[in-house]
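Everything on this sheet refers to the single structure shown next.
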Amino acid sequence: MTSDTTREKARLTVRHATVADIPAIVALSDTVYGEEGGYTAEMLTGQIAQFPQGVFVACYEDVAVGYCATFRIDEASAMAPHRWTEISGGGYGARHLTTGDWLYGMEVCVDPAYRGLRIGRRLYELRKRLCQELGLKGIVFGGRLPGFSRRAKAYGNDAHAYVADVRAGRIRDRALSFQLSNGFEFIGLLRNYQPADRESRGYAAHLVWRNPKIDPNVRTTGTARQLPDSVRVATVQYQQRRVGSFEEFATQVEYFVDIAADYRADFVVFPELFTLQLLSVENKPLSPQDSLLALTGYTERFATLLSELAVRHNINIIGGSHPTRTSDGPDAKVRNICYVALRDGSLHTRDKLHPTPNERTWWGIGGGDSARAIMTDCGPIGVMICYDSEFPELGRHLVDQGAMILFVPFCTDTREGYLRVRYCSQARAVENQCYVVLSGNVGNLPGVNNFDIQYAQSCILTPCDFPFARDGIAADTTPNVEQVAFADLRLNDLVVARNDGTVQNLNDRRHDLYSLTWARRPASRIAASDPTQQTPENP
């Protein structure tokens with residue numbers, strides 16, 4: 001290399017993490033903590049969605065080698081005794097408060113092979129800079145004591161004595177000594193902070209860094225994450241009628257997409273299984289399972305249609321759901337999958353997790369095994385297909401990932417079935433302080449097995465508090481009539497309600513008493529693991 005040669009691309013970069021970084025960060029956390037203790041894609045989605053300004057990734061020659069996650073928290077919660085699972089909302093950053101006056105250090109991890117590059121120090125400096133830019137009082141977190149376990153016997157299992165010697169410089173702890181040298185102040189011990197952290201015997205050092213540029217007696221207000229002023233949603237109550245070809249079906253779908261786009265909607269929503277209309281093309285009797293397998297032949301054309309319409313009409317499409325073959329051969333599996341086409345042309349799929357007894361028995365449909373929020377230009381969203389809405393764990397899981405709007409494509413044959421979905425969806429809106437959008441089928445398709453009658457009243461639901469619609473209903477339709485309902489949804493009203501509402505369901509959860517844990521699936525690597533296996537603040 002000659003003396004005037006320059007390297008155009010930096011070898012080491014530290015920047016804000018994005019959704020595209022999630023697979024690399026999952027791999028990094030698996031390297032640091034092991035697959036059973038690493039972060040999942042859904043946890044990382046939540047962290048980035050809740051507070052994108054506070055999440056950083058360090059990349060060495062395009063390989064993720066360091067990760068840092070923070071969120072804002074109120075002083076009372078930050079300074080009180082707590083556990084990591086409780087304060088971090090189970091690893092999702094779900095306790096983030098836009099008005100919080102302290103920055104909480106949820107995680108710093110560095111690939112052991114790259115710890116000589118001072119990556120941990122760089123990440124800590126970024127935190128301090130962020131704290132000062134936001135005008136917060138300081139940074140607080142629970143720091144590990146990885147040297148305590150091997151010295152515990154010498155100290156009579158007294159963690160206070162161990163910390164005292166580290167602070168005095170008589171011994172060195174690779175984590176605490178590093179943090180003290182970075183200007184963090186020890187204010188006490190946190191017991192059972194991480195029960196699974198055997199090196200620390202479950203203890204953590206309660207540490208703070210006080211922002212030297214702010215008066216500690218002045219409460220800061222901060223700003224909410226950037227959200228659209230208003231999101232316009234259109235829900236289609238779709239009339240089932242015979243069609244003679246896929247092209248005729250596509251024309252009908254585009255008709256409603258075009259209407260929603262003409263009214264400048266950001267989202268248009270179609271019902272669950274509305275593609276069963278395509279069975280009328282063949283117009284011949286089929287067994288229930290043969291019907292589903294026949295429909296899977298339209299999957300590629302259907303997905304392409306949605307993606308092209310989303311781009312052409314500049315709108316995000318929640319494409320109801322479509323039976324999709326997920327494996328080949330005599331034991332082929334079919335799942336009920338929602339196709340979500342964003343206006344940039346990208347296509348996302350979300351499985352129905354809970355097939356009804358009818359779907360399992362008559363159609364042989366299996367359930368999916370993961371539920372991840374989808375990042376859109378209007379913020380994160382979640383999908384719960386019909387019966388899924390009747391399981392509160394799923395709605396909470398999606399909201400923990402940052403979703404502010406939950407879409408529920410449904411297909412019900414009777415009023416009783418519809419009301420189960422409606423009432424449960426309203427409960428999800430209240431308990432998660434979010435918007436829930438329902439879209440159902442009406443009409444009938446004689447001769448199509450298990451799809452002979454339909455009952456629907458599509459609607460757009462809100463929490464029940466002063467900023468929202470009086471009855472918690474932003475818009476609804478006339479039952480069993482083909483219609484499109486519109487509503488403008490103010491996302492900032494959700495932020496205000498969550499932080500300062502008459503009730504604050506999300507903030508008032510008892511993380512110290514209970515938590516929601518999703519089984520980790522090695523094949524998909526996106527379901528949540530036991531958050532108590534995390535070992536945060538490891539530089």
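Treat the numbers as computed from the prediction; the structure is a model and nothing was measured.
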Under 3.5 Å side-chain donor-acceptor pair for Ser458 and Asp476: no
Geometric class of the Phe486/Tyr263 ring pair [parallel <30°, tilted 30-60°, perpendicular >60°]: tilted
Partner residues of Asp351 under the salt bridge (Lys or Arg N to Asp or Glu O under 4.0 Å) criterion, sequence neighbours left out: Arg335
Atom CZ of Arg415: over 12 foreign heavy atoms under 6.0 Å: no
Close side-chain approach of Ile473 and Ile460, heavy atoms under 4.5 Å: no
Donor-acceptor side-chain pairing of Glu254 and Thr251 below 3.5 angstrom: no
Donor-acceptor pair between Asn499 and Thr99 side chains, under 3.5 angstrom: no
Tyr339: ring pair (Phe, Tyr, Trp, His ring centres under 6.0 Å) partners, not counting sequence neighbours: Phe302
Counterpart residues, salt bridge (Lys or Arg N to Asp or Glu O under 4.0 Å), relative to Asp266 (two or more places apart): Arg343
Listed partners of Arg510 passing salt bridge (Lys or Arg N to Asp or Glu O under 4.0 Å), at least two apart: Asp512
Side-chain heavy atoms of Leu438 within contact of Val421, under 4.5 Å: yes
Verdict with reasoning, His511 to His82, per side-chain contact (heavy atoms from CB on, under 4.5 Å): CA-CA 10 Å; His511 292 279; His82 58 267; over 6 Å; no
Donor-acceptor pair, side chain of Asp74 and main chain of Ser77, under 3.5 angstrom: yes
Flag side-chain contact, heavy atom, 4.5 Å: Lys352 against Ile337: no
Derivation of the side-chain contact (heavy atoms from CB on, under 4.5 Å) call for Leu136 and Trp102: CA-CA 6 Å; Leu136 305 183; Trp102 284 82; over 6 Å; no
Check: Asn505/Glu431 side-chain N/O donor and acceptor closer than 3.5 Å: no
Within-4.5 Å side-chain heavy-atom neighbours: Ile315 and Val257: yes
Test item: Gln240 side-chain N/O and Asn441 main-chain N/O as donor-acceptor pair under 3.5 Å: no
Any donor-acceptor pair under 3.5 Å from Arg428 side chain to Val436 backbone: no
Any donor-acceptor pair under 3.5 Å from Thr304 side chain to Arg301 backbone: no
Polar side chain donor-acceptor pair, Asn432 to Arg396, under 3.5 angstrom: yes
Cationic N near anionic O, under 4.0 Å, Arg242 to Glu248: no
Check: His322/Thr299 side-chain N/O donor and acceptor closer than 3.5 Å: yes
Tyr92 and His397 aromatic centres sub-6.0 Å: yes
Atom of Arg372, atom of Thr45 and distance for their closest heavy-atom approach: NE-OG1, 3.0 Å
Donor + acceptor pair across side chains of Glu272, Asn336 (<3.5 Å): yes
Distance-only side-chain donor-acceptor flag, Asn358 / Thr356, under 3.5 Å: no
Exercise: do Gln457 and Thr477 side chains pair donor with acceptor under 3.5 Å: no
Output side-chain donor-acceptor pairs under 3.5 Å for residues 403-412, partner residues at least two apart or in another chain, one line each.
residue: Thr412; atom: OG1; partner: Tyr455; partner atom: O; Å: 2.7

Residues Arg509, Asp400: salt bridge by 4.0 Å N-O rule: yes
Side chain proximity check, Asp21 to Tyr67, heavy atoms < 4.5 angstrom: no
Where at least one partner belongs to residues 364-394, residue pairs that pass ring-ring contact (aromatic ring centres under 6.0 Å, His included), sequence neighbours excluded: His354-Phe391, Tyr387-Phe391
Expected output: side-chain Arg232 to main-chain Ala265 donor-acceptor under 3.5 Å: no
Gln483 side chain reached by Thr478 side chain, heavy atoms, under 4.5 Å: yes
Residue pair Leu491 / Val231, side-chain heavy-atom distance below 4.5 Å: yes
Check: Gln252/Gln277 side-chain N/O donor and acceptor closer than 3.5 Å: yes
Shortest non-hydrogen contact from Met375 toward Pro380: SD-CG, 3.7 Å
Pair Phe71 + Tyr104: ring centers closer than 6.0 Å: yes
Donor-acceptor side-chain pairing of Glu390 and Tyr423 below 3.5 angstrom: no
Any side-chain heavy-atom pair of Val399 and Arg498 under 4.5 Å: yes
